[in-house]
Structure formats: C-alpha cells, structure tokens
Enquirer: 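Sharing a structure, written as structure tokens. Questions coming.
As the structure lists them, so they are numbered: ligands from 1, and atoms in each ligand from 1.
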Amino acid sequence: MSEVREKKPTIHEMLGAEKLRDVVETFYTNVQADPLLSPIFPEDIQPVVEKQYMFLTQFFGGPSLYSDAYGHPMMRARHMPFPVTPQRAEAWLSCMRHALQELEVNEELTQLILQRLSAPAYHFVNSEDE
Ligand code: HEM
C-alpha cells in the first residue's frame with residue numbers, strides 16, 4: 001500500500017497569485033461603488049489594495065507577505081477605528097462575491113472563499129447598524 005498522500009491544495013494554489021490580484025482589485029472597485037462602504041475607505045485605495053493582496057495571500061495559505069511586512073495581523077484591532085456594522089459586513093462579503101463572479105472564478109471555489117471570509121467579516125463587527 002502506498003504511503004504517499006496528496007496534500008489538499010490551498011485556496012492560494014487553486015486561485016493562483018495573479019487571479020488573486022485581479023480579485024482584490026475588482027473587489028475594491030466594488031467597495032468604492034458601494035454606498036455603505038465607500039465613505040469609510042480612503043479615496044486613494046491603492047495602499048489598501050496592496051495590503052489586502054498581501055493579507056489574503058497568507059490567509060489563503062500562500063507565503064506570509066503581510067506578517068513579514070507589518071507583523072502580527074491583529075485584524076479585528078486594526079478595524080477598530082472604523083464603524084464595522086452587520087450591514088457593512090454583508091456589503092463587504094457581497095462585494096467579494098460579485099468580484100469572484102465577475103472574474104468567473106468557478107462556483108465551488110467561490111463558495112469556499114466566501115465561507116472562509118464570512119467568519120472574520122462577522123468577527124470584525126464592532127458597531128450597531130446605523
Ligand atoms: C466586515 C466588513 C469589513 C469592513 C467594513 C472593512 C473595512 C476596512 C477599512 C475601513 C479598512 C481601512 C482602510 C484604510 O487604511 O483607511 C480596512 C483595512 C483592512 N481590511 Fe477590512 N473590512 C472588513 C472586513 C475585512 C475582512 C473580512 C478582511 C480579511 C479577512 C479584511 C482585511 C483588511 C486588511 C488586510 C486591511 C488593511 C490593514 C492594514 O492597514 O494593514 N477586512 N478594512
């Protein structure tokens with residue numbers, strides 16, 4: 001009997017680094033068009049795009065780009081200066097779902113990514129709906 005076991009591929013491997021970059025860019029285009037989200041994001045979104053690309057690379061199982069540059073993610077704490085409401089968490093996930101659909105990421109991988117992001121999104125909620 002063979003002892004060789006296939007390692008389950010990571011989201012980062014299934015999506016690929018280039019596609020992840022496209023997803024992050026499309027996602028923030030959607031964020032900037034969203035009436036609930038756009039007011040809490042800076043007009044110059046490019047630095048946020050860069051950081052999110054680095055964070056999601058490691059969150060999806062790729063190299064630890066974000067921690068290497070910025071230290072421990074402490075993501076909930078980093079969101080404390082911004083009013084993250086339940087409706088904004090929904091809107092954030094919805095911008096991500098649309099980005100994945102616009103870029104024709106397959107349905108199975110789309111579901112896996114959204115599932116993986118739902119827990120942190122609701123965990124970052126720190127304010128009541130306005
Ligand atoms: C739940 C809804 C969310 C809202 C409303 C939200 C909003 C924001 C805002 C306003 C910023 C700061 C932009 C700035 O620099 O001025 C930010 C930064 C960031 N967010 Fe979110 N976010 C949400 C969920 C998430 C989730 C689910 C993740 C990843 C799992 C995430 C990852 C990040 C990262 C990596 C940054 C950059 C942190 C840094 O400055 O180093 N966010 N977010």
Enquirer: Please state which protein non-hydrogen atom is closest to atom 16 (O) of ligand 1 and give its distance, to 0.1 Å?
Expert: Pro42 CD, 3.4 Å
Enquirer: Among all the protein's non-hydrogen atoms, which is closest to atom 15 (O) of ligand 1, and how far away is it?
Expert: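 Nearest neighbour among protein heavy atoms for atom 15 (O) of ligand 1, to 0.1 Å: Val48 CG2, 3.9 Å.
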Enquirer: Rounded to the nearest 0.5 Å, how far does CG of Leu100 lie from CG of Leu114?
Expert: 5.5 Å
Enquirer: So, Lys19 side chain and Val105 main chain: donor-acceptor pair closer than 3.5 Å or not?
Expert: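 Pair absent, no side-chain N/O of Lys19 close to backbone of Val105.
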Enquirer: Under a 4.0 angstrom heavy-atom cut-off, which atoms of ligand 1 come close to Ala121?
Expert: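 Every atom of ligand 1 under 4.0 Å from some heavy atom of Ala121: 1 (C), 27 (C).
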Enquirer: Name the closest protein heavy atom to atom 29 (C) of ligand 1, giving the residue it belongs to and the distance to 0.1 Å.
Expert: Phe55 CE2, 3.6 Å
Enquirer: Ala89 heavy atoms, cut-off 4.0 Å: which ligand 1 atoms fall inside?
Expert: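 Answer, ordered by atom number: 1 (C), 2 (C).
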Enquirer: Assess Tyr66 for proximity to ligand 1: is some non-hydrogen atom of it under 4.0 Å away?
Expert: yes
Enquirer: Taking distance alone, with N or O pairs closer than 3.5 Å, would you say Tyr70 contacts ligand 1?
Expert: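 In fact, backbone or side chain, Tyr70 has no N or O that close.
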Enquirer: Can you list every side chain to side chain donor-acceptor pair (under 3.5 Å) pair that touches residues 31-50, not counting sequence neighbours?
Expert: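 Pairs touching residues 31-50 that pass the test: Arg21-Glu50.
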Enquirer: Based purely on interatomic distance, does Tyr28 place a nitrogen or oxygen under 3.5 Å from a nitrogen or oxygen of ligand 1?
Expert: no
Enquirer: Which atom names give the shortest non-hydrogen contact between Pro83 and Ser127, and what distance separates them?
Expert: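 In this case the closest contact between Pro83 and Ser127 is CA-OG, 3.5 Å.
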Enquirer: Would you compute the distance between atom CG of Leu37 and atom CG of Asn30 and round it to the nearest 0.5 angstrom?
Expert: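 Output value for this atom pair is 10.0 Å.
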Enquirer: Give a yes/no verdict on whether any heavy atom in Phe41 is under 4.0 Å from an atom of ligand 1.
Expert: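 Per 4.0 Å heavy-atom rule, Phe41 contacts ligand 1.
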Enquirer: To which protein heavy atom is atom 40 (O) of ligand 1 closest, and what is the distance rounded to 0.1 Å?
Expert: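 Answer, as residue, atom name and distance: Lys51 NZ, 3.1 Å.
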Enquirer: Just going by heavy-atom distances, which of Ile45, Thr85, Ile40 is nearest to atom 10 (C) of ligand 1?
Expert: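 Answer by nearest heavy atom: Ile40.
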Enquirer: Could you note down all residue pairs passing side chain to side chain donor-acceptor pair (under 3.5 Å) where residues 60-70 supplies at least one of them, sequence neighbours left out?
Expert: Gln58-Ser67, Ser64-Asp68, Tyr66-Arg78
Enquirer: Quick check for you: to the nearest 0.5 Å, what is the distance between Arg116 atom CZ and Leu109 atom CG?
Expert: 10.0 Å
Enquirer: Could you please tell me which protein N, O or S atoms lie under 2.8 Å from atom 21 (Fe) of ligand 1?
Expert: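 Listed by chain and number, the nearby protein N, O or S atoms are His79 NE2.
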Enquirer: Rounded at 0.5 Å granularity, tell me how far CG in Leu20 sits from CD1 in Ile11.
Expert: 10.0 Å
Enquirer: Going by the rule salt bridge (charged side-chain N to carboxylate O under 4.0 Å, His left out), which residues pair with Glu130 if we only count those two or more places apart in sequence or in a different chain?
Expert: Arg88
Enquirer: To the nearest 0.5 Å, tell me how far His79 NE2 sits from Asn126 CG.
Expert: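 His79 atom NE2 to Asn126 atom CG measures 9.0 Å (nearest 0.5 Å).
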Enquirer: Looking at every non-hydrogen atom in both residues, tell me the closest pair between Gly61 and Thr10 and how far apart they are.
Expert: O-CG2, 4.0 Å
